[in-house]
Amino acid sequence: MTPVAGLLDFRRLDLLATGDSALHRLDARAKVIVALVFIVCAMSFDRYAVAPLIPFFVFPIAVITAARLPITFLLRKVALVLPVALLIGLPNPWFDREVQVLLGGLEISGGWISLLSIMLRSLLAAAAAIALVAVTGFPAICGALDRMGMPRALAVQLLFLYRYMTVLGEEANRMTVAREQRGGGRPLSIRLYGALVGRLLLRTWDRAERIYLAMCARGFTGDFRGGQPSRLGRPEIAYVAGWCGLFLLLRTQAVTQWLGAAVLGVLR
């Protein structure tokens, strides 16, 4: 698989969402609510927060373990956000040079701490989002958002965006393979890259139009159909209450300080 196809390959996430674990069987609304509360709590810390973010990794780890998801595949997907996070936070050490931490004889400025915080937040958000898609499926997530009050047009557009990203990845993969077979591995010039991108957009547009016409021919009216009927029962209520309670505890209390004091007490 080419790098372009690997970046845009979401089909395997849809296949993972067809599993039969207890998490897979929960109502999608419960899983969406927990993921949203998780992201809000993790993102709401101040810019120098590092240690308080570490306990939040228990949520994606627990979801991946309980749903028996392939951790290597998911880690590759989560790692895709690191270059973006690094690009966003890289100027911080130059603009924020005030020393915040003394580690032995090493002075660490606030810029480096905030850069690390940005990267941790990005990893947490990406891990929660990808784990949510892997145990729910993006169509079910869009359906849950629709039932939770999101405008239906927006929910349908999100679903189409997700599907057409897969179409774009497949077309890009075909064009990349064809170019490598015909070009003998020779590098492309900027001009040829522009031509390939234009051709890719035209082919994707044409295929997306064929998909839309096929949907209309099958009676698509903008409603979410299919899928298993679900309801918010006791398992969903317990899932939401348990995880949201833990997230609020981690957000409002100095849990890492408690754990550090407990470990030091045991070591003494």
Side-chain angles (χ1 to χ4, degrees), residues 1-19 21 23-24 31-32 34-45 47-94 108 111-138 140-141 158 161-173 175-177 180 193 197 200 243 247 250 256:
M1 180 178 292
T2 63
V4 174
L7 179 64
L8 298 175
D9 176 30
F10 297 101
R11 190 178 301 278
R12 188 174 177 186
L13 289 177
D14 289 334
L15 295 177
L16 291 175
T18 61
S21 70
L23 278 178
H24 286 87
K31 291 181 279 187
V32 169
V34 169
L36 290 176
V37 174
F38 171 83
I39 292 175
V40 169
C41 289
M43 297 301 111
S44 62
F45 284 97
R47 60 178 177 171
Y48 296 133
V50 173
L53 295 173
I54 302 299
F56 280 88
F57 280 98
V58 69
F59 172 65
I61 292 174
V63 171
I64 291 172
T65 303
R68 300 185 295 273
L69 301 175
I71 187 170
T72 303
F73 169 75
L74 296 181
L75 285 177
R76 288 201 303 266
K77 293 298 181 184
V78 172
L80 293 175
V81 306
L82 286 178
V84 179
L86 185 61
L87 183 63
I88 293 173
L90 195 58
N92 289 12
W94 278 267
I108 302 177
W112 290 108
I113 298 175
S114 61
L115 171 60
L116 179 58
S117 180
I118 289 173
M119 297 184 70
L120 287 177
R121 295 168 204 258
S122 301
L123 287 175
L124 286 171
I130 292 175
L132 173 64
V133 176
V135 298
T136 310
F138 203 80
I141 293 174
L158 285 175
L161 175 63
Y162 181 78
R163 290 305 187 193
Y164 288 155
M165 286 180 68
T166 303
V167 173
L168 180 64
E170 292 174 352
E171 292 294 341
N173 185 41
M175 293 183 64
T176 303
V177 171
E180 291 177 351
Y193 267 118
V197 171
L200 173 62
W243 279 116
F247 300 153
L250 294 177
T256 52

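A quick note: this is a predicted structure, and the numbers were derived from the prediction, not measured.
- Pro55 approaches Ala51 most closely through the heavy-atom pair CD-O, 3.3 Å.
- Around atom CD1 of Ile71, no more than 12 heavy atoms belonging to other residues, nucleotides or ligands sit under 6.0 Å away.
- Of all heavy-atom pairs between Ala126 and Val81, the closest is CB-CG1, 3.6 Å.
- One distance of note links CG of Leu123 with CG of Leu75; it measures 9.5 Å at 0.5 Å rounding.
- The line from CZ of Phe138 to CG of Leu132 is 9.0 Å long, rounded to the nearest 0.5 Å.
- Residue pairs satisfying the side chain to side chain donor-acceptor pair (under 3.5 Å) criterion with at least one member in residues 51-74, sequence neighbours excluded, are absent.
- Between Val135 and Ile64 there is no side-chain heavy-atom pair separated by less than 4.5 Å.
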Cut-off 3.5 Å, no hydrogens considered: what does the side-chain donor-acceptor table look like for residues 84-91, sequence neighbours left out?
none

Could you walk me through whether Phe57 and Leu120 pass the side chain to side chain contact (heavy atoms under 4.5 Å, CB included) check? CA-CA 9 Å; Phe57 280 98; Leu120 287 177; 4.0 Å; yes
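- By the 4.5 Å heavy-atom criterion applied to side chains, Ser117 and Leu53 are counted as neighbours.
- Atom CG of Leu116 is separated from atom CG of Asn92 by 11.5 Å, given to the nearest 0.5 angstrom.
- Using a 4.5 Å cut-off on side-chain heavy atoms (C-beta onward), Phe73 and Leu13 make contact.
- Between Leu74 atom CG and Ile130 atom CD1 the span is 7.0 Å, to the nearest 0.5 Å.
- With rounding to the nearest 0.5 Å, the separation of CZ in Arg121 from CZ in Arg47 is 11.0 Å.
- Between the CE atom of Met43 and the CG atom of Leu124 there is a distance of 6.0 Å, given to the nearest 0.5 Å.
- Between Ser21 and Leu69, every side-chain heavy-atom pair lies at or beyond the 4.5 Å cut-off.
- Scanning both residues, Ala128 and Phe59, for their nearest heavy atoms gives CB-CE2, 4.3 Å.
- Closest non-hydrogen pair, Leu16 versus Pro70, comes out as CD2-CD, 3.5 Å.
- Note: Trp94 and Trp112 have tilted aromatic rings, judged against thresholds of 30 and 60 degrees for the angle between ring planes.
- Phe45 and Pro52 make their closest contact through CE2-CB, 3.5 Å (heavy atoms, listed as atom of the first residue, atom of the second, distance).
- Partners of Ser44 under the side chain to side chain donor-acceptor pair (under 3.5 Å) rule, at least two apart in sequence or in another chain, are Arg251.
- With a 4.5 Å cut-off on side-chain heavy atoms, Phe247 and Val34 count as touching.
- Ring to ring, Trp243 and Phe38 are not that close: their centroids are 6.0 angstrom or more apart.
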